[in-house]
Q: 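Supplied in structure tokens, the structure appears directly below.
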Amino acid sequence: MTAELTGQRELHREPPRTDDLRPLPYRLALPVRRLARPYFFRKYRLTIHHEDRFPLTGPLLMTPNHLSLLDAPLLGAVAPRMLHQLGKIEVFGGLQGKFLHRIGQIPVDRSAYDTLAIRKSIQVLRDGRVLNIYPEGTRGPGDFSRIRVGVAYLAMVTGAPILPVALMGTRLPDGSVERHPPSGSRVDVVYGEPFSIERVPFPRRHSDVQAVADHIGDVLRAHVKAAVEETGHPLPGWRDQKDPDD
């Protein structure tokens, strides 16, 4: 999940500090992943394509399309490395919120300019870890038709490579963005070829960040189209549904 992680006013400042932040926890996520991965393979007809394309070291911006509630827990379980994922702040309440914090996930206030979420995201990448960010910003048809500028900003600040990911089957054609597909459904996760955006020193104009976002969008749209052709597994379409918190 990603909000507008940056606004025009931020583009002319110095890079955000991260040395004053506590490291994000992740150790609890490791046994959770070991338990969750076989669960998802038992529950769904799950196929992972081109896992060899996933960089096993260094910072990484993972950029999947976003279809349903299943996307984040599925990727968190089956990705070759532990993920720090951005999630809307509304799901970080109560016991669920404590658990998400303890496995290193990052809440984002989508109604405001969330400086802390930006700094934590940059911290993850500066520490050489994997940040999962949904460039579309909300659940929908999964075709990358709309790309928000947050992913471009993070790539320009950190120079972290970007890994396209196409999800198919995490929502059925007649399914809701609020539900998981039924047991036995076919699910495909298709990794693309990583690519990099050159780091750009400050100041960065908003038009420059938008141009990079447009380029990233072109690459992601090409990847999801190729993934559909390769797997024969179509996207679910829109069906006039929107994320209720969009």
Side-chain angles (χ1 to χ4, degrees), residues 1-2 33 36-58 60-83 85 130-148 151-152 155 160-177 179-197 212-239 241 243:
M1 178 71 59
T2 176
R33 277 167 45 81
R37 181 181 174 93
Y39 165 78
F40 283 115
F41 275 97
R42 288 194 303 268
K43 186 174 179 64
Y44 300 110
R45 291 186 291 126
L46 176 59
T47 304
I48 312 296
H49 304 263
H50 308 301
E51 192 170 73
D52 59 304
R53 294 173 175 173
F54 198 112
L56 297 181
T57 59
L60 186 66
L61 268 168
M62 188 168 161
T63 55
N65 57 346
H66 203 9
L67 301 175
S68 80
L69 287 174
L70 179 61
D71 300 340
L74 174 70
L75 289 173
V78 305
R81 295 167 63 187
M82 184 263 167
L83 309 180
Q85 305 197 58
V130 183
L131 180 71
N132 189 49
I133 180 171
Y134 295 98
E136 296 167 295
T138 187
R139 289 164 280 171
D143 56 3
F144 290 119
S145 59
R146 180 179 65 170
I147 301 294
R148 298 191 178 184
V151 65
I162 299 166
L163 179 70
V165 183
L167 295 170
M168 281 88 79
T170 57
R171 174 163 60 87
L172 300 183
D174 58 348
S176 167
V177 296
R179 297 181 181 275
H180 290 192
S183 297
S185 297
R186 177 187 172 192
V187 176
D188 289 278
V189 180
V190 186
Y191 294 117
E193 294 284 356
F195 66 103
S196 296
I197 300 297
V212 171
D214 292 342
H215 169 64
I216 293 172
D218 289 341
V219 176
L220 297 183
R221 283 186 287 274
H223 171 63
V224 79
K225 180 180 179 182
V228 169
E229 293 174 353
E230 176 184 351
T231 64
H233 196 170
L235 295 172
W238 182 243
R239 250 189 100 242
Q241 296 186 82
D243 185 333

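Not measured: the values here are computed from a predicted model.
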Q: Can you name the closest pair of heavy atoms from Pro141 and Pro236 and give their distance?
A: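 For Pro141 versus Pro236, the nearest heavy atoms are O-CD, 3.9 Å.
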Q: Under 4.5 Å between any side-chain heavy atoms of Leu167 and Pro64, yes or no?
A: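 They are in side-chain contact.
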Q: Could you measure the distance from the CE atom of Met62 to the CG atom of Leu83? Nearest 0.5 Å is fine.
A: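 Nearest 0.5 Å value for the CE-CG distance: 5.0 Å.
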Q: Test your reading of the model: is there a side-chain donor-acceptor pair from His49 to the backbone of Ala166, 3.5 Å cut-off?
A: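 Looks like no, no N/O pair under 3.5 Å.
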Q: Which heavy atom of Pro234 sits nearest a heavy atom of Gly232, and at what distance?
A: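 Distance-wise, the nearest heavy atoms are CD-O, 3.4 Å.
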Q: Would you mind reporting whether Arg221 and Ile147 have side-chain heavy atoms less than 4.5 Å apart?
A: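 Yes, side chains in contact.
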Q: Are the side chain of Arg171 and the backbone of Ser68 linked by a donor-acceptor contact shorter than 3.5 Å?
A: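 A pair under 3.5 Å: no.
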Q: Test Thr47 against Arg186 for side-chain contact (heavy atoms from CB on, under 4.5 Å), laying out the working first.
A: CA-CA 8 Å; Thr47 304; Arg186 177 187 172 192; 6.0 Å; no
Q: Supply the atom-to-atom distance Arg148 CZ to Ile133 CD1, rounded to the nearest 0.5 angstrom.
A: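 Spacing of CZ (Arg148) from CD1 (Ile133) equals 10.5 Å.
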Q: Quick check against the 3.5 Å criterion: does Tyr44 have a side-chain atom that pairs as donor or acceptor with the backbone of Gly169?
A: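 No, because the side chain of Tyr44 does not come within donor-acceptor range (under 3.5 Å) of the backbone of Gly169.
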Q: Kindly write out the residues that satisfy side chain to side chain donor-acceptor pair (under 3.5 Å) with Thr63, not counting sequence neighbours, or none if the list is empty.
A: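 Per chain and number, Thr63 pairs via side chain to side chain donor-acceptor pair (under 3.5 Å) with no residue.
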Q: Phe40: what forms a ring pair (Phe, Tyr, Trp, His ring centres under 6.0 Å) with it, not counting sequence neighbours?
A: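 Here no residue qualifies.
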Q: Could you list the residues that satisfy side chain to side chain donor-acceptor pair (under 3.5 Å) with Ser183, not counting sequence neighbours?
A: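 Result, side chain to side chain donor-acceptor pair (under 3.5 Å) vs Ser183: Lys43.
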Q: Check the pair Leu220 / Asn65 against side-chain contact (heavy atoms from CB on, under 4.5 Å), numbers first and verdict last.
A: CA-CA 9 Å; Leu220 297 183; Asn65 57 346; over 6 Å; no
Q: Using side-chain heavy atoms (C-beta onward) and a distance below 4.5 Å, is Val78 in contact with Phe41?
A: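 Val78 reaches Phe41 side chain to side chain.
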Q: Which residues pass the side chain to side chain donor-acceptor pair (under 3.5 Å) test with His215, sequence neighbours left out?
A: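 So His215 forms no side chain to side chain donor-acceptor pair (under 3.5 Å) with any residue.
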Q: Could you walk me through whether Leu172 and Arg179 pass the side-chain contact (heavy atoms from CB on, under 4.5 Å) test, one step at a time?
A: CA-CA 10 Å; Leu172 300 183; Arg179 297 181 181 275; over 6 Å; no
Q: Taking the side chain as every heavy atom from C-beta outward, state whether Leu60 and Pro161 have any pair of such atoms under 4.5 Å apart.
A: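 Sidechains of Pro161 and Leu60: in contact.
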Q: I need the minimum non-hydrogen distance between Met168 and His233, along with the two atoms involved.
A: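 Minimum heavy-atom separation between Met168 and His233: CG-O, 3.3 Å.
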Q: If you compare all heavy atoms of Leu69 against all heavy atoms of Pro73, which two are closest, and at what distance to 0.1 Å?
A: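 Where Leu69 meets Pro73 most closely, the heavy atoms are O-CD, 3.3 Å.
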Q: Once you round to the nearest 0.5 Å, how far does CD1 of Ile197 lie from CD1 of Ile162?
A: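 Here the interatomic distance stands at 4.5 Å.
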Q: Atom CZ in Arg81, atom CG in Asn132: separation rounded to 0.5 Å?
A: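 Between atom CZ of Arg81 and atom CG of Asn132 there are 12.5 Å.
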Q: Measure across Pro164 and Phe195 and return the closest heavy-atom pair with its distance rounded to 0.1 Å.
A: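 Answer, listing the atom of Pro164 first, then Phe195: CG-CE2, 3.8 Å.
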Q: Between the side chain of Glu136 and the main-chain N/O of Arg146, is any donor-acceptor distance below 3.5 Å?
A: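 No, because the side chain of Glu136 does not come within donor-acceptor range (under 3.5 Å) of the backbone of Arg146.
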Q: Taking only residues two or more places apart in sequence, or in another chain, which ones meet Glu193 in a side chain to side chain donor-acceptor pair (under 3.5 Å)?
A: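 Glu193 satisfies side chain to side chain donor-acceptor pair (under 3.5 Å) with Arg53 once adjacent residues are dropped.
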Q: Measure the spacing between CG of Leu235 and CG of Asp143 and express it to the nearest 0.5 Å.
A: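 Atom-to-atom, Leu235:CG and Asp143:CG are 6.5 Å apart.
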Q: Are Val130 and Leu163 side-chain neighbours, meaning at least one heavy-atom pair lies under 4.5 Å?
A: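 Side chain of Val130 against side chain of Leu163, heavy atoms only: no contact under 4.5 Å found.
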Q: Between atom CD1 of Ile48 and atom CG of Leu74, what is the distance when rounded to the nearest 0.5 Å?
A: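 Ile48 CD1 to Leu74 CG: 6.5 Å, rounded to 0.5 Å.
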Q: Any side-chain heavy atom of Glu230 within less than 4.5 Å of one from His50?
A: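 Yes, close enough: below the 4.5 Å cut-off.
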Q: Without swapping roles, check the side chain of Arg45 against the backbone of Gly184 for a donor-acceptor pair under 3.5 Å.
A: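 Such a contact is found between Arg45 side chain and Gly184 backbone.
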Q: Residues in ring pair (Phe, Tyr, Trp, His ring centres under 6.0 Å) with Tyr191, at least two apart?
A: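 Tyr191 satisfies ring pair (Phe, Tyr, Trp, His ring centres under 6.0 Å) with Phe54 only.
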Q: If you define the side chain from C-beta out and look only at heavy atoms, does anything of Glu51 sit under 4.5 Å from Val189?
A: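 Sidechains of Val189 and Glu51: no contact.
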Q: When you compare the side chain of Tyr134 with that of Gln85, does any pair of heavy atoms fall below 4.5 Å?
A: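 Of all side-chain heavy-atom pairs linking Tyr134 with Gln85, at least one is under 4.5 Å.
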